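The model shown is predicted, which means the values in this text are computed figures rather than measured ones.
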Amino acid sequence: MLFNLLIEAKLIESKLHWISLEECNLFFVGTRNVLDHIDKGFELLDMSYKIPMIVKPKDYVQKTETNSEVLGGYLLNDEEFINPLIIKNPELKVQSQISDINIIYDTINRLSSVPFKINQQVLDFIMNRGLEFNLIKDFDLLHSCQVKFNLGIKLNVLEKRELESHISTIQLEKNILGLALTFKDLNEFYIPVRMDNRGRIYCIVDYLNYQSIELAKSLLQFSNSDLV
């Protein structure tokens with residue numbers, strides 16, 4: 001029913017991909033209007049569910065009596081999906097464990113509860129004069145390798161890598177600016193974190209976080225500097 005509704009609304013369309021003369025697969029893809037809209041604007045973004053939280057993240061808690069972990073971070077963690085505090089390493093036979101006397105939980109919960117906000121002056125400057133000062137790429141300007149590809153000219157290995165890197169950077173900058181525009185009027189939001197087996201801390205949030213590229217870092221500021 002959902003697919004039929006999306007087709008009637010002209011958001012998706014079905015296409016057949018023939019594998020052989022006797023076998024084919026049915027795919028659902030975005031319509032041309034939707035794809036053009038994604039390509040030219042910030043309204044529809046290729047973003048994951050891992051975006052900043054508008055409420056304080058849940059705490060990770062270790063229940064010593066049962067030696068079990070209450071999962072924190074996103075509100076649905078431990079409800080609809082499972083993301084333990086330590087990011088598992090599939091190459092390890094024995095995963096890292098947190099001891100009873102460790103302060104890891106307090107550290108993770110403390111970092112996750114630091115509120116941020118968008119630096120609106122920086123955002124306005126980037127949106128108005130970012131191209132002038134080479135702070136962001138021109139989303140409407142085709143890369144020279146893309147022009148060659150569109151003309152049917154075969155790209156060499158280096159040109160393919162250059163074009164892939166350019167497209168990746170464009171998409172990353174679009175997502176960062178799209179999130180910044182979405183969250184710019186909030187007084188505070190939160191960036192939950194997790195830890196790997198080596199003790200390194202990583203932001204769960206994609207794109208707009210303080211471990212991302214300089215564009216993302218420049219757009220973040222502490223909402224309450226007294227807590228830092």
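- The other members of the hydrophobic cluster of Val61, by chain and number, are Val70 (side-chain heavy atoms under 4.5 Å, ILVMFWY only).
- No side-chain donor-acceptor contact under 3.5 Å links Tyr60 to the backbone of Ile104.
- For Lys217, the salt bridge (Lys or Arg N to Asp or Glu O under 4.0 Å) partners at least two apart in sequence or on another chain are Glu214.
- Inter-residue side-chain proximity for Glu13 and Val29 is flagged as met; some heavy-atom pair is nearer than 4.5 Å.
- In this structure, the side-chain contact (heavy atoms from CB on, under 4.5 Å) partners of Ile136, at least two apart in sequence or on a different chain, are Ile126, Leu131, Glu173, Leu177, Leu215.
- For Glu8, there are no salt bridge (Lys or Arg N to Asp or Glu O under 4.0 Å) partners at least two apart in sequence or on another chain.
- Considering only residues two or more places apart in sequence or on other chains, Ile82 meets the side-chain contact (heavy atoms from CB on, under 4.5 Å) condition with Leu71, Asp78, Pro84.
- Within the 4.5 Å cutoff, the side chain of Leu75 has no heavy atoms near those of the Glu79 side chain.
- Every residue meeting the salt bridge (Lys or Arg N to Asp or Glu O under 4.0 Å) condition with Asp196, not counting sequence neighbours, appears here in chain and number order: Arg198.
- In plain terms, the two heavy atoms of Thr169 and Lys137 that are nearest each other are CG2-CE, 3.6 Å.
- Distance check, rounded to the nearest 0.5 Å: NZ of Lys58 to CE of Met53 gives 8.5 Å.
- Here the CG atom belonging to Leu123 is positioned 5.5 Å from the CG atom belonging to Leu219, to the nearest 0.5 angstrom.
- With sequence neighbours excluded, the residues that form a side-chain contact (heavy atoms from CB on, under 4.5 Å) with Phe125 are Arg129, Phe133, Leu135.
- Evaluation of the ring pair (Phe, Tyr, Trp, His ring centres under 6.0 Å) test over residues 86-121, restricted to residues two or more places apart or in two chains, returns Phe116-Tyr210, Phe116-Phe222.
- Rounding to the nearest 0.5 Å places CZ of Phe189 at 8.5 Å from OG of Ser223.
- Looking only at distances, a side-chain donor or acceptor of Thr31 sits under 3.5 Å from a matching main-chain atom of Lys10.
- Under a hydrophobic-cluster definition in which Ile, Leu, Val, Met, Phe, Trp and Tyr are linked whenever side-chain heavy atoms come within less than 4.5 Å, directly or via other members, Phe183 and Val55 are assigned to the same cluster.
- Minimum interatomic distance between Asp206 and Asn209 (heavy atoms only, all atoms of both residues): C-ND2, 4.0 Å.
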Subject >> Derivation of the side chain to side chain contact (heavy atoms under 4.5 Å, CB included) call for Ile7 and Phe28 >> reply: CA-CA 9 Å; Ile7 292 173; Phe28 291 96; 3.7 Å; yes
Original post:
Between Lys56 and Tyr190, does a side chain to side chain contact (heavy atoms under 4.5 Å, CB included) hold up when you go through it step by step?
Top reply: CA-CA 6 Å; Lys56 187 177 179 181; Tyr190 301 87; 4.1 Å; yes
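- Chaining together hydrophobic side chains whose heavy atoms lie under 4.5 Å apart places Leu155 alongside Phe149, Leu163, Ile167.
- When hydrophobic side chains of Ile, Leu, Val, Met, Phe, Trp and Tyr are connected at separations under 4.5 Å, Leu142 ends up clustered with Val147, Leu151, Ile153.
- With rounding to the nearest 0.5 angstrom, the CG atom of Asn77 is 4.5 Å from the CZ atom of Phe81.
- From Gln211, atom CD reaches atom CD1 of Ile204 across 11.0 Å, with rounding to the nearest 0.5 Å.
- In this view, Leu92 and Asn89, Gln95, Asn197 satisfy the side-chain contact (heavy atoms from CB on, under 4.5 Å) rule, not counting sequence neighbours.
- Between Val205 and Pro192, the closest side-chain pair of non-hydrogen atoms falls below 4.5 Å.
- Defined by atom type and a distance below 3.5 Å, a donor-acceptor pair is present between the side-chain atoms of His143 and Glu162.
- For the salt bridge (Lys or Arg N to Asp or Glu O under 4.0 Å) test, no residue two or more places apart in sequence or in another chain qualifies with Lys160.
- Enclosure of atom CD in Gln121 is not indicated, since only 12 or fewer non-hydrogen atoms of other residues, nucleotides or ligands lie within 6.0 angstrom.
- Judged by distance alone, the side chain of Ser112 and the main-chain N or O of Ile108 form a donor-acceptor pair under 3.5 Å.
- Heavy-atom neighbours of Leu76 CG from other residues, nucleotides or ligands within 6.0 Å: above the threshold of 12.
- Here Glu159 pairs with Lys148 in a salt bridge; the nearest charged N to carboxylate O distance falls below 4.0 Å.
- Counting heavy atoms from C-beta on, the side chains of Ile201 and Thr107 come closer than 4.5 Å.
- Side-chain contact between Leu186 and Lys117 is absent, with no heavy-atom pair separated by less than 4.5 Å.
- Annotation: Asn187, atom CG; neighbour count of heavy atoms from other residues, nucleotides and ligands within 6.0 Å does not exceed 12.
- Inter-residue side-chain proximity for Ile86 and Ile98 is flagged as met; some heavy-atom pair is nearer than 4.5 Å.
- Atom NZ in Lys50 sits 13.5 Å away from atom CD1 in Ile191 (nearest 0.5 Å).
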Original post:
Run the side chain to side chain contact (heavy atoms under 4.5 Å, CB included) check on Ser212 and Ile176 step by step: do they pass?
Top reply: CA-CA 9 Å; Ser212 184; Ile176 290 172; 4.0 Å; yes
**OP:** Go through Gln221 and Val122 one step at a time and tell me if the side chain to side chain contact (heavy atoms under 4.5 Å, CB included) criterion holds.
**Re:** CA-CA 10 Å; Gln221 66 179 129; Val122 173; over 6 Å; no
